[in-house]
Visitor: 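Have a look at the structure that comes next, please.
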Amino acid sequence: MAHSLNTAPSPAGGPNQPKLDADDIWQARVDLAACFRMAARLGMEEGICNHFSAVVPGYDDLFIVNPYGYAFAELTASMLLICDFHGNVVSGAGQPEATAFYIHARIHKNIPRAKAAFHTHMPYATALSMTEGDPLIFAGQTALKFYGRTAVDRNYNGLALDAREGDRIAAAIGDADIVFMKHHGVMVCAPNIAEAWDDLYYLERACEVQTLALSTGRQVLAVAPEIAEAAYRQMREGDPESARLHLESVKRTLDRSEPEYKR
């Protein structure tokens with residue numbers, strides 16, 4: 001299912017090469033590696049096909065992404081690649097998976113506010129993307145975190161193996177943070193890695209609860225719009241700090257059981 005990316009070799013190093021050994025860049029690598037590991041632990045990935053990316057701190061034309069051929073559970077901070085928008089790997093060994101490059105490069109280029117972009121085929125959210133109508137019903141409290149923040153890309157067009165499909169997906173995202181990609185999966189866009197992880201985690205939890213509710217055969221009752229709006233605003237007021245603390249808890253958990261993620 002995954003595809004290798006065929007691009008020209010990266011240019012040789014020179015005086016204009018970016019300085020990529022700064023502490024904040026290493027911390028971004030560690031944070032992203034932690035997200036990969038915890039996503040694997042929670043069953044939110046699919047083989048070697050899914051991908052997370054983050055814009056390199058200080059370099060808006062470079063992004064960190066996982067290398068082709070590795071499961072999330074294998075990844076460490078030093079294994080992650082830094083790529084430019086032309087497909088050149090400027091740091092790291094290997095290449096990104098083809099669809100990872102064509103989707104994430106175009107999202108980061110076309111949507112500057114998307115400093116992090118997490119794409120998965122996580123089971124509950126993906127299952128709802130396959131159903132008739134809008135995938136998410138704003139019926140459970142957790143779902144209200146996403147009230148007014150979602151879009152649906154209804155025009156599934158096969159694998160993203162060229163820049164045109166990446167541009168189409170970026171256009172479908174528009175002003176949304178959460179995008180259900182019909183027949184495919186989900187994309188979460190956020191201003192930083194912590195908020196991308198927080199949204200990804202709670203989105204799957206909301207979709208899991210909704211799937212269980214639908215399985216009863218009873219009607220799922222949406223929250224009244226005015227209450228949903230008010231609850232959404234309450235949640236969003238504390239989201240950046242809550243997301244930061246959530247990611248810190250993930251890293252503490254991994255520090256105890258699989259500390260190699262930060263190598």
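In this text, all values refer to a predicted model and were calculated from it rather than measured experimentally.
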Visitor: Apply salt bridge (charged side-chain N to carboxylate O under 4.0 Å, His left out) to Glu260 and list each qualifying residue two or more places apart in sequence or on a separate chain.
Guide: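 With sequence neighbours excluded, Glu260 shows a salt bridge (charged side-chain N to carboxylate O under 4.0 Å, His left out) to Arg37, given in chain and number order.
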Visitor: Does some side-chain heavy atom of Leu144 sit less than 4.5 Å from a side-chain heavy atom of Val223?
Guide: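 Yes. Closest side-chain heavy atoms under 4.5 Å.
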Visitor: For Arg168, what residues pass the salt bridge (charged side-chain N to carboxylate O under 4.0 Å, His left out) criterion, not counting sequence neighbours?
Guide: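 Counting only residues at least two positions away or on another chain, Arg168 forms a salt bridge (charged side-chain N to carboxylate O under 4.0 Å, His left out) with Asp153, Glu165.
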Visitor: Please report the closest heavy-atom contact between Val65 and Cys83, naming both atoms and the distance.
Guide: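 It is CG1-SG, 4.0 Å.
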Visitor: Going by the rule side chain to side chain contact (heavy atoms under 4.5 Å, CB included), which residues pair with Arg154 if we only count those two or more places apart in sequence or in a different chain?
Guide: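 Applying side chain to side chain contact (heavy atoms under 4.5 Å, CB included) to Arg154 gives Asp134, Val152, Lys182.
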Visitor: For Phe85, I'd like to know if atom CZ has over 12 heavy atoms of other residues, nucleotides or ligands within 6.0 Å.
Guide: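 Above 12, so yes.
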Visitor: Examine His246 together with Tyr202 and report whether their ring centres are nearer than 6.0 Å.
Guide: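 Yes, ring centres under 6.0 Å apart.
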Visitor: So, Ser53 and His108: side-chain donor and acceptor under 3.5 Å apart, yes or no?
Guide: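 On atom types as modelled, these side chains qualify, holding a pair under 3.5 Å.
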Visitor: I need the Lys115 NZ to Cys189 SG distance, nearest 0.5 Å.
Guide: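 Here the rounded value is 12.0 Å.
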Visitor: Answer whether the closest heavy-atom distance between the side chains of Pro112 and Asp60 falls below 4.5 Å.
Guide: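 Heavy-atom side-chain distance check fails, nothing below 4.5 Å.
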Visitor: Please report the interatomic distance NE2(His104) to CZ(Phe118), rounded to the nearest 0.5 Å.
Guide: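 Taking NE2 in His104 and CZ in Phe118, the distance rounds to 9.5 Å.
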Visitor: Less than 4.5 Å apart, any side-chain heavy atom of Val209 and any of Thr142?
Guide: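 Contact flag for Val209/Thr142 side chains = no.
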Visitor: Give the minimum heavy-atom separation between Asp162 and Tyr102, together with the two atoms involved.
Guide: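 Nearest heavy atoms, Asp162 then Tyr102: C-CD2, 3.4 Å.
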Visitor: Please answer whether the main-chain N or O of His86 pairs with a side-chain N or O of Asp84 as donor and acceptor at a distance below 3.5 Å.
Guide: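 Looks like yes, one N/O pair under 3.5 Å.
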Visitor: Could you pull out the closest heavy-atom pair between Pro96 and Tyr68, with the gap in Å?
Guide: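 Looking at all heavy atoms of both residues, the closest pair is C-CB, 3.8 Å.
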Visitor: Test of understanding: with side chain to side chain contact (heavy atoms under 4.5 Å, CB included), list the residues that count as partners of Ala190, not counting sequence neighbours.
Guide: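 In terms of side chain to side chain contact (heavy atoms under 4.5 Å, CB included), with neighbours along the sequence ignored, Ala190 is linked to Glu195, Ala196.
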Visitor: Can you name the closest pair of heavy atoms from Ala206 and Leu136 and give their distance?
Guide: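 Smallest heavy-atom distance, with atoms named: CB-CD1, 4.5 Å.
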Visitor: What distance separates Glu258 CD from Thr253 OG1, expressed to the nearest 0.5 Å?
Guide: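 Those atoms lie 10.0 Å apart.
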Visitor: Using the side chain to side chain donor-acceptor pair (under 3.5 Å) criterion, which residues pair with Tyr261? Sequence neighbours excluded.
Guide: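 Only Asp255 meet the side chain to side chain donor-acceptor pair (under 3.5 Å) criterion with Tyr261.
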Visitor: Do Thr76 and Arg29 make a side-chain contact, defined as non-hydrogen atoms from C-beta onward lying under 4.5 Å apart?
Guide: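 Contact flag for Thr76/Arg29 side chains = no.
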Visitor: Test side-chain contact (heavy atoms from CB on, under 4.5 Å) on Trp26 and Ser78 and set out the steps.
Guide: CA-CA 8 Å; Trp26 178 252; Ser78 60; 4.2 Å; yes
Visitor: Between CG of Leu247 and OG of Ser242, what distance do you get to the nearest 0.5 Å?
Guide: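 Those atoms lie 11.5 Å apart.
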Visitor: Taking only residues two or more places apart in sequence, or in another chain, which ones meet Ala170 in a side chain to side chain contact (heavy atoms under 4.5 Å, CB included)?
Guide: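 In terms of side chain to side chain contact (heavy atoms under 4.5 Å, CB included), with neighbours along the sequence ignored, Ala170 is linked to Ile107, Asn110, Ile111.
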Visitor: Would you indicate whether the side-chain heavy atoms of Thr120 and His51 approach each other to under 4.5 Å?
Guide: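 No, their side chains stay 4.5 Å or more apart.
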Visitor: For Leu245, give me all partners under side chain to side chain contact (heavy atoms under 4.5 Å, CB included), at least two apart in sequence or on another chain.
Guide: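 By the side chain to side chain contact (heavy atoms under 4.5 Å, CB included) rule, Leu245 matches Glu241.
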Visitor: Using side-chain heavy atoms (C-beta onward) and a distance below 4.5 Å, is Met38 in contact with Met44?
Guide: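 The answer is no; the side chains never approach within 4.5 Å.
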Visitor: Is the closest basic N to carboxylate O distance between Lys109 and Asp61 below 4.0 Å?
Guide: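 Asp61 and Lys109: not salt-bridged.
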Visitor: Count the heavy atoms belonging to other residues, nucleotides or ligands that lie under 6.0 Å from CD of Gln27, then report whether that count exceeds 12.
Guide: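 Buried by this count: over 12 neighbours within 6.0 Å.
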Visitor: How about Arg41 and Ser257: does a side-chain donor come under 3.5 Å of a side-chain acceptor?
Guide: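 Their side chains do contain a donor-acceptor pair, which is all the 3.5 Å distance test asks for.
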Visitor: Distance-only criterion, 3.5 Å: show the donor-acceptor pairs between side-chain atoms of residues 171-180 and protein atoms not counting sequence neighbours.
Guide:
unit_1	atom_1	unit_2	atom_2	d
Asp177	OD1	Arg113	NH1	3.3
Asp177	OD2	Arg149	NE	3.0
Asp177	OD2	Arg149	NH2	3.3

Visitor: Which heavy atom of Trp197 sits nearest to which heavy atom of Ala39, and what is that distance?
Guide: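 Closest pair (atom of Trp197, atom of Ala39, distance): CH2-N, 3.7 Å.
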Visitor: Heavy-atom count check: over 12 atoms from other residues, nucleotides or ligands less than 6.0 Å from Lys251 NZ?
Guide: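 Check passes, neighbour count above 12.
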Visitor: Is the shortest side-chain N to carboxylate O distance from Glu229 to Arg233 below 4.0 Å?
Guide: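 A salt bridge is present here (some side-chain N lies under 4.0 Å from a carboxylate O).
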Visitor: Could you tell me whether the side chain of Leu75 reaches within less than 4.5 Å of the side chain of Pro67, counting heavy atoms only?
Guide: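 When only atoms from C-beta onward are counted, Leu75 and Pro67 do touch, with a gap below 4.5 Å.
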Visitor: Holding to salt bridge (charged side-chain N to carboxylate O under 4.0 Å, His left out), I want the full list of residues that pass it with Glu132, two or more places apart in sequence or in another chain.
Guide: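 Expected list: none.
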Visitor: I would like to know whether Leu221 and Ile137 meet side-chain contact (heavy atoms from CB on, under 4.5 Å); could you show each step before the answer?
Guide: CA-CA 8 Å; Leu221 302 176; Ile137 302 171; over 6 Å; no
Visitor: Under the criterion salt bridge (charged side-chain N to carboxylate O under 4.0 Å, His left out), I'd like the reasoning laid out for Arg236 against Asp239: C-alpha separation, chi angles, the key distance, then a yes or no.
Guide: CA-CA 5 Å; Arg236 291 294 283 168; Asp239 252 4; 3.0 Å; yes
Visitor: Got a sec, which pairs hit side chain to side chain donor-acceptor pair (under 3.5 Å) with one end in residues 209-222, sequence neighbours left out?
Guide: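 Checked against side chain to side chain donor-acceptor pair (under 3.5 Å) - neighbours excluded - no pair reaches residues 209-222.
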Visitor: Please identify each residue that fulfils salt bridge (charged side-chain N to carboxylate O under 4.0 Å, His left out) with Asp24, with sequence neighbours left out.
Guide: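 Scan of Asp24 (salt bridge (charged side-chain N to carboxylate O under 4.0 Å, His left out), adjacent residues dropped) gives none.
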Visitor: As a test of understanding, state which of Glu45, Glu97, His121 forms a side-chain hydrogen bond (donor to acceptor under 3.5 Å, both in side chains) with Asn50.
Guide: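 In the set Glu45, Glu97, His121, the residue that makes a side-chain hydrogen bond (donor to acceptor under 3.5 Å, both in side chains) with Asn50 is His121.
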Visitor: Run the numbers on Asp199 and Lys145 for side-chain contact (heavy atoms from CB on, under 4.5 Å), then give the verdict.
Guide: CA-CA 8 Å; Asp199 276 350; Lys145 173 177 167 67; 3.0 Å; yes
Visitor: Side chain of Thr131, backbone of Leu128: donor and acceptor closer than 3.5 Å?
Guide: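 At least one qualifying donor-acceptor pair exists.
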Visitor: Would you compute the distance between atom OG of Ser129 and atom OH of Tyr124 and round it to the nearest 0.5 angstrom?
Guide: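 It is 14.5 Å, given to the nearest 0.5 Å.
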Visitor: What pairs of residues pass the ring-ring contact (aromatic ring centres under 6.0 Å, His included) test when at least one of them lies in residues 27-49, not counting sequence neighbours?
Guide: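 The answer is Phe36-Phe52, Phe36-Phe72.
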Visitor: List the steps and the verdict of side-chain contact (heavy atoms from CB on, under 4.5 Å) for Phe63 and Leu81.
Guide: CA-CA 8 Å; Phe63 64 101; Leu81 308 176; over 6 Å; no
Visitor: So how far is it from Leu20 CG to Leu62 CG, rounded to the nearest 0.5 Å?
Guide: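 Here the interatomic distance stands at 6.5 Å.
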Visitor: Just do the salt bridge (charged side-chain N to carboxylate O under 4.0 Å, His left out) check on Asp21 and Lys19 with the steps written out, would you?
Guide: CA-CA 6 Å; Asp21 57 356; Lys19 182 176 175 60; 3.2 Å; yes
Visitor: Testing the basics here: between Ala77 and Ala33, what is the closest heavy-atom pair and its distance to 0.1 Å?
Guide: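 Nearest heavy atoms, Ala77 then Ala33: N-CB, 3.6 Å.
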Visitor: What I'd like to find out is whether the side chain of Met79 reaches to under 4.5 Å of the side chain of Tyr70, using heavy atoms alone.
Guide: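 Touching, per the 4.5 Å side-chain cut-off.
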